[in-house]
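Please read all numbers here as calculations on a predicted model, not as lab measurements.
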Number of protein chains: 4
Amino acid sequence: MAPAAKQPTLSRGAGAKFQRILDAAIEVIAQKGFHTARISDIAGLAGVADGTVYLYFKNKDEILMTAINTAFDAFVARARAELRPLTSPVEKLRRLIHLHLETLGRNRPLAVVCQMELRQSARFLAPFSNQRMIEYFDIARQAIREGQEQGLFREEMRDLDAARCLFGAVDEMVTSWVLAEHEYPLLDVAEPVADIILLGIERRLKR
Amino acid sequence: MAPAAKQPTLSRGAGAKFQRILDAAIEVIAQKGFHTARISDIAGLAGVADGTVYLYFKNKDEILMTAINTAFDAFVARARAELRPLTSPVEKLRRLIHLHLETLGRNRPLAVVCQMELRQSARFLAPFSNQRMIEYFDIARQAIREGQEQGLFREEMRDLDAARCLFGAVDEMVTSWVLAEHEYPLLDVAEPVADIILLGIERRLKR
Amino acid sequence: MAPAAKQPTLSRGAGAKFQRILDAAIEVIAQKGFHTARISDIAGLAGVADGTVYLYFKNKDEILMTAINTAFDAFVARARAELRPLTSPVEKLRRLIHLHLETLGRNRPLAVVCQMELRQSARFLAPFSNQRMIEYFDIARQAIREGQEQGLFREEMRDLDAARCLFGAVDEMVTSWVLAEHEYPLLDVAEPVADIILLGIERRLKR
Amino acid sequence: MAPAAKQPTLSRGAGAKFQRILDAAIEVIAQKGFHTARISDIAGLAGVADGTVYLYFKNKDEILMTAINTAFDAFVARARAELRPLTSPVEKLRRLIHLHLETLGRNRPLAVVCQMELRQSARFLAPFSNQRMIEYFDIARQAIREGQEQGLFREEMRDLDAARCLFGAVDEMVTSWVLAEHEYPLLDVAEPVADIILLGIERRLKR
DNA sequence: TATGAATGAGAGTTCATTCAT
DNA sequence: TATGAATGAACTCTCATTCAT
């Protein structure tokens, strides 16, 4: 499920350290922001020496990249697996939204990093695998097109636009949650968002 | 109400320089990101000495803050003014979406800065006037509540959730546009988004 | 005589600082070697902040390069000027040797840097203007060829080889002096070296 | 006298490894310079783990020292052996020059290291056995004094100066060869140098 | 002996900010 | 107001060296 480590043996000693550094990085970056986070903060929280970080990551950028990519890969894999058995396009989209909110709602630091640093990294870090973003959208677009083919969703609508609205709406919920001053279960907004988006794309029988 | 001058005389000599620095900052930050943008870059593009920047802004953070706040204030003021004469909640929301996309679609660097740096600043810089964000949302929420009162929009829906979906969807359109490799008119997506969001919140007469 | 500064106004304030840093660098590098010399050592000795060094030099390498090149340029210019009026090839070579030893004998730190770091920089730093080395050799070769044309120096001898012997011999004198444990006037060896080299290249009338 | 083993058994397993590390070090240092050469480069080329290097050498400095000293010892031993049977001081010096050039001309990396790093190490590394340098010079000085006693070489000349000229000239030939862009047999310059130096120190019968 | 993961001191360089002019 | 030279804190990354296995 977890996408597995890339470095050393991963068994226990190593791999564990790789993960510790990654987790610490997410934690620290979530707290102070990427640019303000110091390698020594990350190393300190991970319980390793500064230099050790560089045994597992080429540089600071790569840590962020890896954190985000790893999370994304895991999410996309899980989303694919969970949507596959579903037949109803509507159900698929509801499940996707639920999954998105559940995943981030369960891991606040990761959510913070994704909401706050993702766009930056999309622009400046390597090709941040916009690929991964595309994959996410593809899952949604696929379901939307199926819905259109089945006459459930509006035909004149571009599936890309619909996917963007869906993603944007969900994303904004996460951002609000992350910035909120008091805590609340992120999943609470799953249904309201799903309702709006689905009603927004569903075909009207009568007007 | 009108953008208003914050600095000195504003007339010509000063004020002009204030604005030049601000514009330069947006340009440079859009290009390299806030943390990578150097004061000397900004000063250079504005045609002033590095030190001069500090006659108009307390520090680097404040430049970003001011740029965003200024833009926001102008936008909110304009939105208020343009929505006031409208009576239909539906029209109000359509106009808001249109305005949002038009404003940013017309000023790419500003759009880039808003999409890429806004969240960061929301989290770390001063109180970034989340106030301003709240005002934006309030405009939308107001219209939504009116729509609910008039029986046009779904009643069981929380107006805040609806406003977030609306903002999130529009915001994602801007982000996509900013990150896109080829150019296209941002306004092209105004209608598709508006359709989805409005249909999503409108009350169904029949099902 | 001094080749003049490259940076700022050179008048007093600036230019003076450029030179102070350069002098400090030579001093420190002579003492600890280039790689062991820290920028902060140099800055400290020059009485400026670390960062100031970078206002005058792009990086550490450039400091060494500049120091060596400046010294070389000055030397070559002076050598050219002093040899010009001389007509006798023999006198020219004697003067060259004298000049070489006098120049370095007068400035021990510079001599140390040249003897200890020159070869390294010739190999790794930029093109260290091997150009400059070539110019030095050209002065000697020119005189040697003149001597050959006048029947004073052996004809079958390659002027380049002769120049190298001359330079090598003089250079070794400087190295010995630099490494010596007790001090002595470097110029003392001018005549002995000149004798050996000149007798070595002069044509024998009788055998 | 013979190079001799310094480390363990030398036979096969060990000793072989000691030598592999030494050779690798010379290779790497010749290529990148001492300070830029990393222990891991050397270990890698030698086919051993980084830590293993420290089983054979106390630290990085010692590797360079050992490499140079070993080469020097071997050279001095060989020079002594080859000059012993010769009776003519002139022949002895010619042979010394030939040996010097042949030894380095046959082993380019070693030559590079000697030319480029020797002076540094002479100054900073331990007592780098200036002892060894002295031994080299002593061989030359001995022959020179013999020549003077036999009335072959100029009497007023200090044997140390003559030896330095000889060494300096030969050394410069090696340096030129090492820095040259195109290859050529180093031994080609043996005779020209020998001619110049010998004629330079020989006594003139007639003038 | 051999390994190589881990260490952590250290250095070059950048750049926001200041201040004398 | 305006300048821009100067500052120096701060930070990333490297690499010689160690030591548990």
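- For D:Gln31, the side chain to side chain donor-acceptor pair (under 3.5 Å) criterion is met by no residue, not counting sequence neighbours.
- For A:Leu55 and E:dG4, the CG to P distance is 13 Å, given to the nearest whole Å.
- Between D:Phe18 and D:Tyr56, the angle of the ring planes lies from 30° to 60°, which puts this pair in the tilted group.
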Task: Nucleotide-level pairing of DNA chain E, given in dot-bracket where Watson-Crick and G-U pairs need both distances under 3.5 Å and | marks other strands - done: .||||||||||||||||||||
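- C:Arg108 is linked by a side chain to side chain donor-acceptor pair (under 3.5 Å) to nothing, counting only residues two or more places apart in sequence or in another chain.
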Open item on the list: Pair B:Gln120, A:Gln120 - check side-chain contact (heavy atoms from CB on, under 4.5 Å), show working.
Closed with: CA-CA 10 Å; B:Gln120 304 268 2; A:Gln120 303 269 2; 3.6 Å; yes
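- Remark: B:Lys17 is in phosphate contact with F:dA2, judged by side-chain N or O atoms under 4.0 Å from OP1 or OP2.
- Of all nucleotides listed (E:dA2, E:dA5, F:dA2), F:dA2 comes nearest to the side chain of B:Tyr56.
- If you measure from atom CZ of B:Phe18 to atom C1' of F:dT1, you get 16 Å, rounded to the nearest angstrom.
- Of the residues in residues 30-54 of chain A, those with a non-hydrogen atom less than 4.0 angstrom from any atom of DNA chain E are A:Val48, A:Ala49, A:Gly51, A:Thr52.
- Summarising the geometry, the separation between NZ on C:Lys60 and P on E:dG12 is reported as 4 Å, rounded to the nearest angstrom.
- Taking atom CZ on D:Phe57 and atom P on E:dA2, their separation rounds to 13 Å, with Å as the unit.
- Residues that satisfy the salt bridge (charged side-chain N to carboxylate O under 4.0 Å, His left out) test with B:Asp41, not counting sequence neighbours, are B:Lys32, B:Arg38.
- Note: CG (D:Asn59) to P (F:dC15) measures 17 Å, nearest angstrom.
- Residues that satisfy the side chain to side chain donor-acceptor pair (under 3.5 Å) test with C:Glu27, not counting sequence neighbours, are absent from this structure.
- Pairs of residues two or more places apart, or lying in two chains, never qualify as salt bridge (charged side-chain N to carboxylate O under 4.0 Å, His left out) while including a residue from residues 49-71 of chain A.
- Although no hydrogens or angles enter the test, the distance criterion places no donor-acceptor pair under 3.5 Å between the side chain of C:Gln115 and the main chain of C:Val178.
- One can place CD1 of C:Ile63 at 10 Å from C1' of E:dG12, the figure rounded to the nearest angstrom.
- A:Ala24 is linked by a side chain to side chain contact (heavy atoms under 4.5 Å, CB included) to A:Ile42, A:Leu45, A:Ala46, counting only residues two or more places apart in sequence or in another chain.
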